[in-house]
Amino acid sequence: MNINYILKKLFHSMITVLIVITINFFLFRVMPGDPFAMIAKAGNLSAEYKESLSALYGFDEAYHIQYLKYIKQLLTFDFGLSFKYRKPVLEVLGNRLMATLLLAFFAQIFAIVAGAVIGTISAAFRGKKIDVFALGFALLVYAIPAFWLGIVLVLFFSVKLGAFPLNGMVVAGLTHPTTWAYVMDVARHLFLPVFTMGMAIMGGYAIIMRGSLLDVLTEDYITTARAKGFKRRDIVIHHALPNALLPMVTVIAINMGFMISGAIQTETVFSWPGIGRLVYEALMARDYPVLQGAFLVISITVILANLIADILYGYLDPRIKYD
Amino acid sequence: MTYNRENFELKKKNINRFITLFKGNSMGVIGFYIIVFFLVVAVFGPMIYQYNPQDFNSAHMIEAPSKQFILGTDDMGRDILGALIYGSRVSLLIGIFATLISVFIGTLIGLVSGFIGGRLDSVLMRFTDGFMVLPKLPLIMILAALLGSSTRNIIVVLGLTSWTGTARLVRSQTLSVKQRAFVERAFAVGAGRVYIMLKHVLPNVFPLVFSNTILVTATAILTETTLSFLGLGNPMVPSWGQILRGAFTSGAVSIGAWWYFIPAGLAVIVLVLGFTFLGYSFDEILNPKLRSR
């Protein structure tokens, strides 16, 4: 593993973080309809309060000084105060983090396994009917809006069959006698959202897996294996699959943005108390500090995931050039 | 003169070959017919079918399909079939125009980056990669909320946030076209850089951009629907996403009013699938790497 390679990737990630910070700054301070300035200028605020807001965000100063001030605030983890909750943004975000991680973790596992299986079957039977069917299914899943799938599942499984709860993370107002009862309650609530979000991100995995496996299947060592008389099944599973899975590491990271889109939609439909639902609620309440903070935290998470994937990929695939 | 004639014959031959290959690709043909169907509905539907989005009717709220309302009514007593027909206009309009903006930006950045090269290339590509990583939906939501959600703003926001893939693709194609002999020849006879970019590189890069474009449209339509569903669409303009939002917020789902959200959802899926099928088949035909396998 080359240290220069890691440093280079680290440098690139830091540039991306700077892009995010700059976008965030421009969106909320410089654009027409600047929300902070609008609040500060609002007539019904006391002069004293306006002054304190002004001092806090530095509206009166030149943009480059505001920009430096903003970066300084971020470095001290000061993300401002939520308009709606009247609490520090970081605290509001922190309260919602676990729910999203729980949902995203299971949705990812479901999507990766299902996507890899469908992609593998599709590639192994390239050009056959089963390939057309599998590929068509992957594209269909991609075309279904996640929120719509969630609504349909709620109608069928919760409203019609009563098999799963409508929404939320636990039954409201219920005190759980044991930890096990609590876990079971969450699991019941988790099932439909995980399926919805998993389906939303699965299509991409299946298509990439298919392409990756098709690439590997044209390589010389596969032809050699075939010439040696290995069974087709063995070649696909034991010879080609391990190498074809490599690009998936990167794809999972690249797909993070897609996953977040899925989380926002799924959590909105199922009232799942995570970051995605928080983004929706903040948007409805025009709670800009929360929106800004959420965007920053989500973006940095995605950038970190990409950095880790890059380093991991360089480690897993020694053919990567450390230039 | 003879050179131009040869060139023309070659182009005609290529196009004919493309059409033959395309006709053999059932996925692409299905996609093509789906898009044609929705285009016809979007252009002629509103002329034939009367519908007024301001036509509220408290006597017919969330009514099941009947002779009077073929696909039932919404929570304000409006005809859902009419909203669906008008919605196809909005979806296609936003999808196509957002794609045009996105392709313009992507092609410009990719072409300049790949052709000029050097420091400009690395700056542009660092920016592209950085932008590519950003979670798009939250960014689009924030932009739409701050700018206000008129149809024009939604088009601009979608266009401004979806060009990265095109830029990467155009850059890599430009790099390979740049190496070819005819570009060198054009340089040798004294053609300017802009001239070569537009006259020699762009036409050779364009086929692949085209298939990518169609996939961008699919994503734009899907994102627009999601935005409207999340309350960021233009409430005065009936769109599929607006219908779905109405169904969700009015509680139509919990009373099982399927007509309120199943047809609109299916419309989105089928249209997006149409663009995806078409783009995917173009990619298979035009991308030599995929074809040879």
Side-chain angles (χ1 to χ4, degrees), chain A residues 12-13 15-20 23 27-28 31-35 126 132 135-136 139-140 142-149 151-152 154-155 158-160 166 211 214-215 217-218 254 256-261 264-265 268-269 279-280 283-284 286 288 291-292 294-295 298-299 301-303 306, chain B residues 26-27 30-31 126-127 129-148 218-219 221-223 225-226 229-232 240-241 244-245 247-248 252-258 261-262 264-266 268-277 280 289-290 292-293:
Chain A
H12 290 173
S13 297
I15 292 178
T16 313
V17 171
L18 207 63
I19 292 177
V20 174
I23 287 179
L27 282 184
F28 290 92
M31 272 193 4
D34 170 351
R126 172 154 216 238
V132 176
L135 186 62
L139 295 179
L140 174 72
Y142 173 79
I144 299 176
F147 69 85
W148 186 79
L149 182 66
I151 291 176
V152 172
V154 165
L155 175 79
S158 306
V159 178
K160 286 248 151 71
L166 273 173
L214 283 179
D215 264 347
L217 282 173
T218 57
I254 292 171
M256 284 282 286
F258 209 57
M259 189 191 85
I260 280 147
S261 163
I264 292 175
Q265 297 177 51
T268 301
V269 170
V279 170
Y280 174 71
L283 194 72
M284 289 296 107
R286 294 294 189 264
Y288 290 112
L291 265 183
Q292 196 179 16
F295 179 63
I298 291 170
S299 300
T301 313
V302 173
I303 293 165
N306 277 278
Chain B
S26 51
M27 214 178 228
I30 293 172
R126 280 270 58 77
F127 181 71
D129 284 353
F131 202 77
M132 194 181 259
V133 168
L134 297 187
K136 291 291 142 45
L137 189 63
L139 179 62
I140 293 170
M141 285 165 76
I142 291 170
L143 277 169
L146 288 174
L147 286 171
T219 313
I221 291 173
L222 211 49
T223 311
T225 309
T226 308
F229 174 74
L230 293 173
L232 284 165
W240 295 339
L244 294 170
R245 175 167 183 77
F248 180 65
V253 180
S254 44
I255 58 166
W258 57 269
F261 59 92
I262 297 286
L266 289 181
V268 177
I269 294 169
V270 173
L271 181 58
V272 171
L273 212 52
F275 277 105
T276 316
F277 277 1
Y280 209 79
K289 228 180 106 196
L290 286 174
S292 63
R293 281 202 299 241

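Order of the sequence lines sets the chain letters (A, B, ...), proteins ahead of strands, with each chain counted from 1.
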Report task. Verify side-chain contact (heavy atoms from CB on, under 4.5 Å) between A/Y142 and B/T219, making sure each step is shown before the conclusion. Result -> CA-CA 10 Å; A/Y142 173 79; B/T219 313; 3.1 Å; yes
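- Between chain B and the residues A/L149, A/I15, A/V279, A/I264, the most heavy-atom pairs under 4.5 angstrom are made by A/I264.
- Using a 4.5 Å cut-off between heavy atoms, B/L230 contacts chain A through both its backbone and its side chain.
- Counting only heavy atoms from C-beta outward, the side chains of B/P135 and A/S261 never approach each other to under 4.5 Å.
- Residue with the most contacts toward chain A among B/K136, B/M27, B/M132: B/M27 (heavy-atom pairs, distance under 4.5 Å).
- Side-chain contact check for B/T226 versus A/W148: every heavy-atom pair is 4.5 Å or farther apart.
- Contacts between B/L271 and chain A at a heavy-atom distance below 4.5 Å are absent for every atom of the residue.
- Among the candidates A/T301, A/L217, A/L135, A/L18, the residue making the largest number of heavy-atom pairs closer than 4.5 Å to chain B is A/L135.
- Both the backbone and the side chain of A/V269 come within contact range of chain B, each with at least one heavy atom under 4.5 Å from a heavy atom of that chain.
- A/I151 CD1 to B/L244 CG: the interatomic distance, rounded to the nearest 0.5 Å, is 6.0 Å.
- To the nearest 0.5 Å, atoms OH (A/Y280) and CE (B/M141) are separated by 8.5 Å.
- A/H12 is not listed as a side-chain neighbour of B/D129, based on a closest heavy-atom distance of 4.5 Å or more.
- For chain B, the option among A/I298, A/L283, A/I303 with the highest count of heavy-atom pairs below 4.5 Å is A/L283.
- Between chain B and the residues A/G257, A/A146, A/A143, the most heavy-atom pairs under 4.5 angstrom are made by A/A143.
- Residues A/I260 and B/P138 have side chains in contact (heavy-atom distance under 4.5 Å, counting atoms from C-beta outward).
- Both the backbone and the side chain of B/F127 come within less than 4.5 Å of a heavy atom in chain A.
- Side-chain contact check for B/L137 versus A/F258: every heavy-atom pair is 4.5 Å or farther apart.
- Considering only heavy-atom pairs separated by less than 4.5 Å from chain A, the leading option among B/S26, B/A264, B/G130 is B/G130.
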**Report entry** From CA spacing to verdict: side-chain contact (heavy atoms from CB on, under 4.5 Å), B/V268, A/I144
**Finding:** CA-CA 8 Å; B/V268 177; A/I144 299 176; over 6 Å; no
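- Looking at A/L155 and B/F261, their side chains come closer than 4.5 Å, going by heavy atoms from C-beta outward.
- In this structure, the side chains of A/V302 and B/L134 stay at 4.5 Å or more apart for every pair of heavy atoms.
- Side-chain contact between B/I269 and A/P145 is present, with at least one heavy-atom pair separated by less than 4.5 Å.
- Of the atoms belonging to B/L139, heavy atoms from both backbone and side chain fall under 4.5 Å from chain A.
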Query raised in the report: Which is it for B/I142 and A/Y288 under the side-chain contact (heavy atoms from CB on, under 4.5 Å) test, yes or no, and what are the steps along the way?
Result: CA-CA 9 Å; B/I142 291 170; A/Y288 290 112; 6.0 Å; no
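- Using a 4.5 Å cut-off between heavy atoms, B/A218 makes no contact with chain A at all.
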Report task. Walk me through it: do A/V20 and B/F131 pass the test side-chain contact (heavy atoms from CB on, under 4.5 Å)? Result -> CA-CA 8 Å; A/V20 174; B/F131 202 77; over 6 Å; no
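- Comparing A/T16, A/L291, A/L139 by heavy-atom pairs within less than 4.5 Å of chain B, the highest count is held by A/L139.
- In this structure, chain A has heavy atoms under 4.5 Å from both the backbone and the side chain of B/I262.
- Using a 4.5 Å cut-off between heavy atoms, A/M256 does not touch chain B at all.
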